[in-house]
Amino acid sequence: MDDKIKKEIIITCIIALTPAIVDGIIYILKKKDGTKNDVKKMRVNSNLKMSEDNNHTNNVIDIANNECDNKIRYKRVETDEKLRLHEGLLKLQREYSIKGSITDEQSQNESSISCWIKNFHLIFKMPGYDNIPLLKQVLDGCPEGFKDAMLLHLLTMTGALCFSKVRAKYNGDLHAPNLMTVVEGKQGSGKSRFDLIYKLLFRRIIEQDRIKTGKDIPGNIKQTVGINITNSKFIDMLAENGKVHLYAIETELSRLLEVSRSGRIGFIEFRKAFDNEDIEQFNKSKKSTQGRYPVYLNCTLTGTPTAVSNAFNSKEVNEGSARRFCFTVIPEPGAHSEKIQFPEEEELEIIRNKIDDWRSKYCFHHDPVKGDIPCDEYVVDLDYVDEDLEDWIKAQYQIYLKDKVEKRNEIRFGIAAVAFHCAIVLHMLAGNPDAKQRLARKNVKQLTLYIADYCMERYLTRFVPDYRMDSANITDSQQNSKCSAQKKRHLTLEEITQWYPKRGIIGDDGKPIGYGTIAKHLGLQDKNIVRNAFKRYEKGMI
């Protein structure tokens with residue numbers, strides 16, 4: 001076959017096969033495109049799947065992380081709570097430990113008033129008062145937590161209304177029974193009972209003053225007054241009273257700030273009253289009393305912790321008004337109200353008669369013609385108290401050297417003066433005992449030192465931030481002071497000649513009188529003091 005025919009056959013075949021080839025090519029191309037699309041779809045689906053898997057994994061991880069974080073937070077909270085509880089338990093242990101300390105109740109996290117009272121009495125025991133009848137009649141009817149406050153309240157009232165003209169020498173000057181007491185207690189704790197005992201014991205005086213005020217007769221001495229009195233009227237009463245004390249009681253301490261801002265008596269008068277400083281009035285009014293008059297005023301103020309803080313702010317503390325007050329507290333209200341058994345009926349009338357008797361002798365008496373006449377000053381010898389207070393002042397300085405509480409050093413002389421004013425009243429309530437009445441004088445002395453410790457510790461607790469009573473320091477100092485006082489004590493010749501013949505004879509109890517019995521009667525703790533004195537007497541050395 002020639003070449004020409006071969007070419008024609010090839011061309012014919014090509015022409016015949018061209019549609020199929022084209023279709024094949026087209027099919028291949030389409031298939032290829034389909035494959036690419038499928039691949040794309042697979043890749044897209046695969047990417048979506050991976051994304052979903054990744055998201056799920058991340059969510060699982062996030063949930064796990066969150067759960068872990070929450071567990072950590074819970075653990076931290078739980079741990080912090082356990083730590084707080086542990087610290088709280090440690091704090092309670094410190095508060096209720098005799099050798100521990102307590103803190104001021106000026107913040108919510110600090111110990112309560114009741115806790116302070118318990119801790120104070122673990123360190124300081126209230127001495128006996130059996131030889132002071134009025135204290136026994138009233139204090140025996142009070143719950144333990146009320147006795148300190150009631151003691152100071154009684155001394156403040158009777159100092160003004162029974163023994164206003166009694167004087168005693170202290171640091172070279174004659175002192176009057178000037179006392180001001182603040183009773184601090186929470187709502188519902190029983191502060192109104194202090195007003196109740198005042199109205200109960202002194203009802204006759206309150207009624208007499210009410211009648212005198214209504215008649216407003218010049219020359220009448222009045223002793224009861226309210227804190228809402230104006231300054232001019234207050235000076236009028238001072239002028240008419242002739243140095244006879246006024247007495248005021250206010251059951252809402254917050255009112256003191258209100259009335260003092262409106263020209264009524266306030267902290268200026270209280271500050272002057274402690275030392276009987278002069279208050280003056282000179283104006284154009286011819287009706288008003290003109291001149292200078294010493295302030296004779298005792299008072300009892302009751303209020304909540306907030307009211308006390310507001311009234312005795314930093315200014316009153318820094319200027320010295322606060323240190324002139326006896327600060328005392330009563331416990332918070334408990335599940336049951338604390339009952340106070342006040343004297344009643346015949347016993348109460350006997351007390352009122354005694355108050356009238358004291359008042360006529362040591363305040364003023366009434367003359368049918370001349371009217372009310374102030375009594376002359378009556379001076380008593382309290383050297384037996386003065387000596388122990390000097391030792392107390394020195395002991396406080398030794399405590400200050402240990403605890404570094406500057407306020408203790410600053411106010412120890414002032415607190416001692418407050419306690420001395422209390423001693424004037426205690427001495428008179430005990431019957432003005434002479435040197436032979438050892439037990440009565442011992443009661444007076446012990447109560448005076450107890451009041452000094454109480455007023456000091458309560459003042460520091462209230463006004464020194466983070467102050468803590470240190471039982472070890474205080475009790476050591478007290479013991480040293482007592483030992484020192486015992487060493488200084490010597491029997492007088494009168495005491496020796498009285499008791500020397502009685503040694504060895506049978507006493508009222510059927511037993512021989514020995515050195516110990518004699519020491520007890522003389523108010524001594526060490527019978528060797530008696531033995532040594534008798535030996536010296538036998539040798540003619542006394």
Side-chain angles (χ1 to χ4, degrees), residues 153 156-157 159-161 164 178-185 187 191-218 220-241 243-274 276-281 283 285 287-290 293-313 315-316 319 321-322 324-327:
H153 180 46
T156 301
M157 291 189 296
L161 301 176
S164 180
N178 307 321
L179 290 168
M180 295 170 287
T181 294
V182 176
V183 180
E184 179 180 341
Q187 294 287 354
K191 297 187 295 297
S192 61
R193 293 168 183 173
F194 295 89
D195 186 47
L196 179 61
I197 191 67
Y198 160 65
K199 292 176 179 176
L200 196 67
L201 297 181
F202 300 98
R203 187 181 70 181
R204 296 177 186 176
I205 296 176
I206 296 169
E207 181 62 19
Q208 290 170 11
D209 282 358
R210 186 187 66 80
I211 295 172
K212 289 179 180 179
T213 302
K215 293 182 179 180
D216 198 21
I217 301 174
N220 279 338
I221 293 176
K222 308 178 192 70
Q223 288 192 273
T224 58
V225 65
I227 64 169
N228 60 342
I229 187 174
T230 62
N231 273 314
S232 59
K233 184 61 179 176
F234 179 63
I235 292 176
D236 289 344
M237 295 182 72
L238 292 176
E240 292 176 358
N241 273 25
K243 298 182 180 180
V244 174
H245 278 76
L246 291 162
Y247 176 74
I249 183 170
E250 177 52 55
T251 57
E252 294 295 337
L253 181 55
S254 56
R255 291 191 65 243
L256 177 63
L257 293 177
E258 297 174 8
V259 299
S260 62
R261 295 190 187 104
S262 57
R264 266 65 173 176
I265 61 174
F267 283 109
I268 294 177
E269 288 72 26
F270 292 142
R271 189 160 52 242
K272 290 178 178 292
F274 185 79
N276 304 128
E277 296 176 1
D278 288 346
I279 188 173
E280 62 183 34
Q281 179 170 262
N283 54 40
S285 175
K287 295 182 179 180
S288 299
T289 301
Q290 309 291 315
Y293 300 92
V295 179
Y296 284 83
L297 170 68
N298 285 13
C299 69
T300 301
L301 308 171
T302 69
T304 63
T306 300
V308 174
S309 297
N310 291 338
F312 294 91
N313 53 35
K315 177 184 177 183
E316 302 303 336
E319 291 185 357
S321 297
R324 291 167 165 83
F325 282 80
C326 305
F327 288 91

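Quantities reported herein were computed from a predicted structural model and do not represent experimental measurements.
Of all the heavy atoms in Pro305 and Gly185, the pair that sits closest is CD-O, 3.8 Å. Taking each heavy atom of Ser254 and Ala307 in turn, the nearest pair found is N-CB, 4.3 Å. Of all heavy-atom pairs spanning Tyr198 and Thr224, the tightest one is OH-CG2, 3.2 Å. When every heavy atom of Leu297 is checked against every heavy atom of Phe234, the shortest pair comes out as CD2-CZ, 4.1 Å.
Annotation: salt bridge (charged side-chain N to carboxylate O under 4.0 Å, His left out) contacts of Glu277 (sequence neighbours excluded): none. Taking the side-chain hydrogen bond (donor to acceptor under 3.5 Å, both in side chains) definition, one finds that Arg271 meets it with Ser321, sequence neighbours left out. In terms of the side-chain hydrogen bond (donor to acceptor under 3.5 Å, both in side chains) criterion, Glu269 has no residue partners (sequence neighbours excluded). Evaluation of the side-chain hydrogen bond (donor to acceptor under 3.5 Å, both in side chains) rule for Asn241 yields no partner, not counting sequence neighbours. For Ala160, the side-chain contact (heavy atoms from CB on, under 4.5 Å) partners are His245, Tyr247, Asn298, not counting sequence neighbours. Taking the side-chain hydrogen bond (donor to acceptor under 3.5 Å, both in side chains) definition, one finds that Gln187 meets it with nothing, sequence neighbours left out. Listed by chain and residue number, nothing satisfies the side-chain contact (heavy atoms from CB on, under 4.5 Å) test with Ser192 (two or more places apart in sequence, or in another chain). Lys191 pairs by the side-chain contact (heavy atoms from CB on, under 4.5 Å) definition with Ser189, Thr302, Thr304, Ile330, not counting sequence neighbours.
Between Lys243 atom NZ and Ser164 atom OG the span is 11.0 Å, to the nearest 0.5 Å. Between the CG atom of Asn231 and the CD1 atom of Ile279 there is a distance of 5.5 Å, given to the nearest 0.5 Å. Atom CD in Glu280 sits 8.5 Å away from atom CD1 in Ile235 (nearest 0.5 Å). In this structure, Asp209 CG and Ile211 CD1 are separated by 9.5 Å, a value rounded to the nearest 0.5 Å. The distance from atom CG of Leu179 to atom SG of Cys299, rounded to the nearest 0.5 Å, is 9.5 Å.
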Residues 199-206 side chain polar contacts: donor-acceptor under 3.5 Å, at least two apart:
| from | atom 1 | to | atom 2 | distance (Å) |
| --- | --- | --- | --- | --- |
| Lys199 | NZ | Asp195 | OD2 | 3.0 |
| Arg204 | NH1 | Asn353 | OD1 | 2.8 |
| Arg204 | NH1 | Asp356 | OD2 | 2.6 |
| Arg204 | NH2 | Glu349 | OE1 | 2.7 |
| Arg204 | NH2 | Asn353 | OD1 | 3.1 |

message: Met180 vs Leu301, test: side chain to side chain contact (heavy atoms under 4.5 Å, CB included). Steps then yes/no.
response: CA-CA 8 Å; Met180 295 170 287; Leu301 308 171; over 6 Å; no
- prompt: Run the side chain to side chain contact (heavy atoms under 4.5 Å, CB included) check on Phe325 and Phe274 step by step: do they pass?
  reply: CA-CA 9 Å; Phe325 282 80; Phe274 185 79; over 6 Å; no
message: One pair to check against side chain to side chain contact (heavy atoms under 4.5 Å, CB included): Glu240 and Lys222. What are the steps and the verdict?
response: CA-CA 8 Å; Glu240 292 176 358; Lys222 308 178 192 70; 3.7 Å; yes
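Side-chain contact check for Met237 versus Ile229: some heavy-atom pair is nearer than 4.5 Å. With contacts defined as side-chain heavy-atom distances shorter than 4.5 Å, the pair Asn178/Arg324 does not qualify.
Of the possible polar contacts, one joining the Glu250 side chain to the Glu252 backbone as a donor-acceptor pair under 3.5 Å is found. Between the side chain of Asp236 and the main chain of Ala239, no donor-acceptor pair closer than 3.5 Å is present. Formation of a donor-acceptor pair under 3.5 Å by the Lys212 side chain with backbone atoms of Asn220 is not found in this model. For Asn276 (side chain) and Pro294 (main-chain N/O), no donor-acceptor pair under 3.5 Å exists by modelled atom type.
Side chain to side chain, His153 and Thr181 fail the donor-acceptor criterion of an N or O pair below 3.5 Å.
For the side-chain contact (heavy atoms from CB on, under 4.5 Å) with Leu238, the qualifying choice from Val244, Asp278, Leu246 is Leu246, the only one to do so.
In this structure, the ring of Phe327 has its center less than 6.0 angstrom from the ring center of Phe312.
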